[in-house]
Amino acid sequence: MMEIFWYTVAAMGAGIGTGLAGLSAATVMVPVLIVLCPTFAGKTGAYQATAIALASDILGSAVATYTYAKNKNIDLHRGWIMLVCILCMCTVGSYVAYLVGNVVLGSFTLFLTFFIGIRFLVKPDTTRENPVEKGERLDWKGILISLFFGLTIGFGTGFVGTGGGMMMLVVFTMFLGMDVKTAVGTSTFIMTFTALIASVSHILIHPAIILEKWNVMALCIIVATVSSLVSARFANKVSNRTIGLVTGAVLTLLGASMLTLNFWPMLAQYDIIVSILQCLGNLILYIVICIIVVFPIRYITKIPSFVFRKLLHMIAFTCLTVMMIQADNYQPVVLTSLVITVVAYPILQMLENEQWYAPLFVEKSSGEVKRSLVKLFGMFTVVVIVAWGIFDKPLASAASILMWGVGDATAALVGIPLGKHKIHRNKSWEGTLSMTCASFLVGMMLTGTMLPSLIGAIAGATTELYSSSEWDTVTVPIAILTVLLVLL
């Protein structure tokens with residue numbers, strides 16, 4: 001059952017990478033299948049994983065190509081030499097891979113994925129000051145570049161199963177002057193054929209792939225195709241800058257994940273690194289699931305903005321509990337909180353200039369989300385160090401955060417529509433009392449004690465009443481924690 005989960009995750013990641021950035025399915029799928037799925041252990045495991053990834057690339061690239069073509073984002077006048085060279089060499093690479101044996105996706109491709117992601121985050125818009133017109137023919141320099149990279153990418157396609165998408169994205173944007181959408185559309189067109197040829201070559205050379213892994217192949221093809229179609233449609237609806245930023249975020253995350261899997265035997269020797277990666281993995285998986293569930297609600301339903309805002313807050317404050325689930329001590333949780341802050345802050349700073357950003361996150365003021373991120377994870381760090389690291393009471397840290405988070409959400413959901421009797425700064429008796437009750441119930445469920453939970457709930461509600469909305473993220477949990485540390 002767990003392997004089916006990883007098949008699905010690998011195929012979904014592959015499809016998103018293909019539709020969004022023209023990324024080969026093998027870049028994502030091969031490391032996941034080999035490292036996390038025992039079924040692909042053994043002499044031919046990597047070869048079978050490569051064949052399944054290539055098969056998933058066929059339809060995934062095809063539906064992405066159709067979407068990009070419909071939006072006129074394919075330029076074969078500047079890509080035909082690459083197409084011919086890659087088609088000629090991918091079969092040769094496939095045969096050599098079988099002779100060599102258990103070939104695993106090269107580290108170079110994984111590093112490339114990560115650093116290209118960083119590059120798009122730093123410079124999301126690849127449009128030149130004097131852009132090349134679609135359909136403009138190649139000059140002699142472009143022909144030489146296309147020949148060199150076409151032959152090398154083609155061999156790599158067959159040899160390690162890379163559909164060449166990442167290398168083609170680099171060549172098309174950096175050397176041949178295409179914008180990112182046209183580069184992705186052209187590369188997915190080429191990958192449709194290269195993946196078909198390389199996949200058929202793998203299967204003909206090793207027919208056991210079909211006989212032994214047909215069910216895995218079918219699942220991966222379906223999931224990858226659907227994910228590729230959805231991400232390609234998204235990519236063609238937004239600006240080049242937005243697609244560059246999203247592509248950068250996706251490639252950076254995929255590259256970091258794949259590098260971790262690739263070098264896991266070496267990293268596993270250090271317990272603290274393993275613990276941090278477990279915390280980080282749990283957190284990323286949780287956030288991705290929440291995004292998939294919550295963000296469609298914003299556009300499909302007529303949910304009030306303040307309700308959606310509190311849904312986002314609930315996701316945020318439950319992050320600490322998610323990080324603590326597998327942690328043996330406070331250090332991995334603290335270090336993970338710092339990593340999230342350092343990585344997420346500059347990404348949010350780059351995204352906040354996009355038109356969709358403020359409405360999506362229901363920002364009250366410019367820069368609110370990134371400031372809240374620093375305060376939230378900074379507060380997580382302080383609470384965990386004090387409660388768990390100094391007083392050895394991990395339950396108190398989790399309880400203080402959840403009592404604050406649930407109470408704050410309840411106060412808004414009750415106080416905004418029903419709060420008629422104002423007390424202080426437009427806050428009402430109805431909201432304050434509902435926060436007290438909700439915090440008390442959460443405290444009772446977590447600690448099993450009545451008096452500490454009641455006093456903590458009252459302290460939290462009172463602190464929230466007199467704290468500014470900018471700082472209650474910090475002051476309320478600390479007030480509740482102080483009570484719990486004294487009374488528990």
More than 12 heavy atoms of other groups within 6.0 Å of Y66 OH: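 Open.
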Do [X] and [Y] have side-chain N/O donor and acceptor atoms under 3.5 Å apart?
| X | Y | result |
| --- | --- | --- |
| T188 | T65 | yes |
| S453 | T447 | yes |
| Y68 | T186 | no |

From [atom1] ([X]) to [atom2] ([Y]), nearest 0.5 Å:
| X | Y | atom1 | atom2 | value |
| --- | --- | --- | --- | --- |
| S228 | I221 | OG | CD1 | 13.0 Å |
| N282 | I287 | CG | CD1 | 11.0 Å |
| M403 | L441 | CE | CG | 9.5 Å |
| N236 | N73 | CG | CG | 5.0 Å |
| I273 | L335 | CD1 | CG | 10.5 Å |
| R233 | N71 | CZ | CG | 10.5 Å |

Of all heavy-atom pairs between [X] and [Y], which one has the smallest distance, and what is that distance?
| X | Y | answer |
| --- | --- | --- |
| S337 | M323 | OG-CE, 3.4 Å |
| E3 | C37 | OE1-CB, 3.6 Å |
| V406 | A438 | CG1-CB, 4.2 Å |
| A64 | A232 | CA-CB, 3.9 Å |
| A396 | L484 | O-CD1, 3.9 Å |
| C220 | A11 | O-CB, 3.6 Å |

So, do [X] and [Y] sit near enough that their side-chain heavy atoms are less than 4.5 Å apart?
| X | Y | value |
| --- | --- | --- |
| L320 | F377 | no |
| T39 | Y7 | yes |
| V476 | D408 | no |
| M314 | C290 | no |
| V216 | F40 | yes |
| F172 | T182 | no |
| Q278 | P332 | no |
| V184 | L20 | no |

Hey, does the side chain of [X] reach the backbone of [Y] with a donor-acceptor pair shorter than 3.5 angstrom?
| X | Y | result |
| --- | --- | --- |
| S227 | A224 | no |
| S400 | S397 | yes |
| Q331 | I272 | no |

Worked check of side-chain contact (heavy atoms from CB on, under 4.5 Å) between Y466 and T475: CA-CA 10 Å; Y466 291 99; T475 57; over 6 Å; no
Chi angles and distances behind the side-chain contact (heavy atoms from CB on, under 4.5 Å) call for T410, M435: CA-CA 6 Å; T410 305; M435 178 177 182; 5.6 Å; no
Working for side-chain contact (heavy atoms from CB on, under 4.5 Å), residues M379 and W404: CA-CA 12 Å; M379 181 265 295; W404 155 69; 3.9 Å; yes
Within 45° cone and under 6.0 Å: K393 NZ/CZ vs W388 ring: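 Judged by the rule, K393 and W388 form no cation-pi pair.
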Charged tip of K375 within 45° of F380 ring normal and under 6.0 Å: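 No, K375 and F380 do not form such a contact.
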Check against side-chain contact (heavy atoms from CB on, under 4.5 Å), T192 and D57: CA-CA 7 Å; T192 303; D57 247 342; over 6 Å; no
